[in-house]
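Data first, discussion second: the structure below is written as structure tokens.
These numbers come from the heavy atoms of this one structure, side chains and all, not from hydrogens, waters or symmetry mates.
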Amino acid sequence: MTLLWGALRTIALVAAACCLSWLGGLLWFAMPQMADTRAQATDAIVVLTGGSLRLQSGIDLLREGKGRKLFVSGVNQQVDLDDLLGVSGRAPDWALCCIVLGHEADDTFGNAQETAQWIRSQGFRSLRLVTAWYHMPRSLLEFDRAMPEIDIVAHPVFPEQVKQERWWRWRGTAVLLVNEYVKYLGALARPLIERRLPATIAGPDRAARAEMPQ
């Protein structure tokens, strides 16, 4: 009986430590990431679809000369440039030749793969990444993995509907942040999981990814 209670106590302590670590990580994750203060222009500006504020910020950066081209990753197959600009406000005519749409990605991993292919095809060495602040940690993780040789400058945007102060009091924001945090942990652990999977299980997934843009 003593051994049983000792084992249960150990399990309870480990579970409590895991919960506290998870909650501590969530509190760190929920701290808004500030924009990179480097003022120099990058070769490209990359916007991940998911809100008009992201695209408008990318267009503003292009107007300010912060990049030579603007690449929008993860655009729906049925949406063209006119449709996209109609949602967020039209770009100046001179910028239309410098905006490129990517239609292949449907998640953050795909955004990184699609962007890596385009960046390398252009011979670029740096990019300024535009996405929502809560999405930036996972985006940087995937982008750094996909193109470790590229200098990436973070440029988060801050949607008004996602509350930053006392976020736990706002149900919609809390659910969004917890969901994004879980996805971030999953992305963080993915290489470890894939290495431990038997070849017969991991094979189809790896083969499918091999067909995606590199």
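Residues Ser73 and Ala105 share a closest heavy-atom pair of OG-CB, 3.9 Å. Looking at every heavy atom in both residues, Met147 comes nearest to Ala116 through CE-N, 3.6 Å. Shortest non-hydrogen contact noted between Met136 and Pro156 is CE-N, 3.6 Å. Of all the heavy atoms in Ile119 and Ala44, the pair that sits closest is CD1-CB, 4.0 Å. Smallest separation of non-hydrogen atoms from Gly110 and Asp107: N-OD1, 2.6 Å. Gly67 and Ala41 get closest at one heavy-atom pair: N-CB, 4.4 Å.
Every salt bridge (Lys or Arg N to Asp or Glu O under 4.0 Å) that Glu149 has, sequence neighbours left out, goes to Arg120.
Summarising the geometry, atom NZ belonging to Lys66 is positioned 9.0 Å from atom OG1 belonging to Thr42; distances are rounded to the nearest 0.5 Å. Here the straight-line distance linking atom CZ of Arg68 with atom CZ of Phe124 works out to 4.5 Å at 0.5 Å rounding. Taking OG1 of Thr131 as the reference point, atom CG of Leu129 lies at 6.5 Å (rounded to 0.5 Å). If you take CH2 on Trp168 and OG1 on Thr173, they are separated by 12.0 Å, rounding to the nearest 0.5 Å. The CG atom of Leu70 sits 5.5 Å away from the CG atom of Leu62 when rounded to the nearest 0.5 Å. Here the straight-line distance linking atom SG of Cys98 with atom CD1 of Ile59 works out to 11.5 Å at 0.5 Å rounding.
Val100 has its side chain out of reach of Val72: every pair of non-hydrogen atoms, C-beta onward, lies at least 4.5 Å apart. Contact of the Tyr184 side chain with the Leu141 side chain is registered, since non-hydrogen atoms from C-beta on lie closer than 4.5 Å. Residues Phe109 and Arg145 form no side-chain contact, since every pair of their non-hydrogen atoms from C-beta on lies 4.5 Å or further apart. In this structure the side chain of Ser126 never reaches within 4.5 angstrom of the side chain of Ile152, judged on heavy atoms. Contact check for Pro137 versus Tyr181: no side-chain heavy atoms found under the 4.5 Å cut-off. The shortest side-chain heavy-atom distance between Phe158 and Leu53 does not fall under the 4.5 Å cut-off. Proximity of Gln77 to Glu104: side-chain heavy atoms (C-beta onward) are separated by under 4.5 Å at one or more points.
Under the 3.5 Å distance criterion, with hydrogens and angles disregarded, no donor-acceptor pair is assigned to the side chains of Arg54 and Thr49. With 3.5 Å as the limit, one finds no donor-acceptor pair spanning the side chains of Ser57 and His155.
Within 6.0 Å of the CH2 atom in Trp167, the count of heavy atoms belonging to other residues, nucleotides or ligands exceeds 12.
Applying the salt bridge (Lys or Arg N to Asp or Glu O under 4.0 Å) rule to pairs touching residues 158-168 yields nothing, sequence neighbours excluded.
Ring geometry for Phe71 against Trp118 counts as parallel: the plane angle stays under 30°, on a 0 to 90° scale with 60° as the upper cut.
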request  = Could you give me the CA-CA distance, side-chain angles and deciding distance for Asn179 and Leu177, then say whether side chain to side chain contact (heavy atoms under 4.5 Å, CB included) is met?
outcome  = CA-CA 5 Å; Asn179 185 52; Leu177 290 179; over 6 Å; no
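With salt bridges taken as basic N to acidic carboxylate O contacts below 4.0 Å, none links Asp43 and Arg125. The existence of a salt bridge linking Glu142 and Arg190 is confirmed by a sub-4.0 Å separation between a basic side-chain nitrogen and an acidic carboxylate oxygen.
The side-chain contact (heavy atoms from CB on, under 4.5 Å) test with Leu127 is passed by exactly one of Ile150, Val153, Asp151: Ile150.
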